[in-house]
Amino acid sequence: MTLAIVAPTPAAVRHDRRVAPSISGVCLDVDDTLVDYANSTRAGLRALLGADDAWADWCAVTERFYPRFTSGEIDFDTMRRQRTKEFFAIRGEVLDDGEVVAREERRMAAVQRAWQLFDDALPCLQALRDGGLRLAAVTNAAGQHQRGKLRVLGIDAAFDAVVISGEVGVAKPAAGIFHAACAALGVRVGQAVHVGDRLDLDAEGAHAAGLHGVWLDRSRCGPTSGQRRVAVISGLSELPGLITRLDGGAC
Ligand SMILES: [Mg+2]
C-alpha cells in the first residue's frame, strides 16, 4: 500500500479557511485509532486457538501486563512472553519457555498479516494535511515494532513526527509524551489536538497535559450526557470539522 499524502503549499494553507488558525498540530494515537488493532489481535488469537472465544481473557491479561511495559518495568518482548504464558495458564495450560516463544511468534506473525487501517484513516490524514496541519503519531509501544507497523501500512511518511513511548521513555497518559510530540512538531501545547480511542490514556491525558483532548469512541458506547472535559467523535471523518469548531471555543 502506498500513501501519497503531501503537505500543501504555503499558498494553499493561507487560503484554506477550513482550518482554525489557533490549531496548528494534530497528534493521533495509532492502535484502534488509525489501525484496526482489535481485528488483527483477534486474528492472532485465532491462529493459536482455532477459535475466537478468548477475546475478553486476552484483553484482561493485556491490561495487566502492558502497563508493566509502558512503565519501563519490563521490556516489550518480555511483556509479550509473560502475557502469552499467563493467557494460557488461565486456560489451564502451563507452557515451558520454548513453547511460549513459539506460540507468541506464531501469534504475532498472524497479527502482522492482519494489520489494516480503518477506512476513515487515510481520508482523515489527507484532510488534515490539506488543511496545513502538522501531524504526529503518539503511541504507547515499542519503537521498532510500531515503526514497522506504520511502514508496512504505508503511513510512516504521513507524519511530521512519530513519538513512541518505548523511545522517549514516557507513556500516555503522562504529560511528557504529549509535550514531546508538541515540541517535535514545533507547536505550542494549547495549539495541539490529540485524538485516540482510550478516554483515559488519550483524551483525558492530553487534556491534562494542556492539549485539546479528543476521544474517538467508535463503538458509540460512551456517556452521552454529563460533564466532559474532552470532545468525543465516533469516527475520524468527524475530526477535521471538530478542529475547525475548536477555534470558536465550542469544544
Ligand atoms: Mg489506541
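Throughout, numbering of the chain's residues begins at 1 and tracks the sequence. In listed order, ligands and their atoms are each counted from 1.
Classified by interplanar angle (parallel below 30°, tilted 30° to 60°, perpendicular above 60°), the ring pair Phe76/His145 is tilted.
The existence of a salt bridge linking Arg81 and Asp75 is excluded, since no basic side-chain nitrogen approaches an acidic carboxylate oxygen closer than 4.0 Å. A salt bridge links Asp202 with Lys172: at least one charged nitrogen is closer than 4.0 Å to a carboxylate oxygen. Salt-bridge check for Arg151 with Asp156: failed, with every basic side-chain N at 4.0 Å or more from each acidic carboxylate O.
Between Leu211 and Cys182 the shortest heavy-atom distance is CD2-SG, 3.9 Å.
Excluding waters, the protein N/O/S atoms found under 2.8 Å from the Mg ion (ligand 1) are Asp29 OD2, Asp31 O, Asp197 OD1.
Of the candidates Asp197, Asp29, Leu236, Leu34 forms a side chain to side chain contact (heavy atoms under 4.5 Å, CB included) with just one, namely Leu236.
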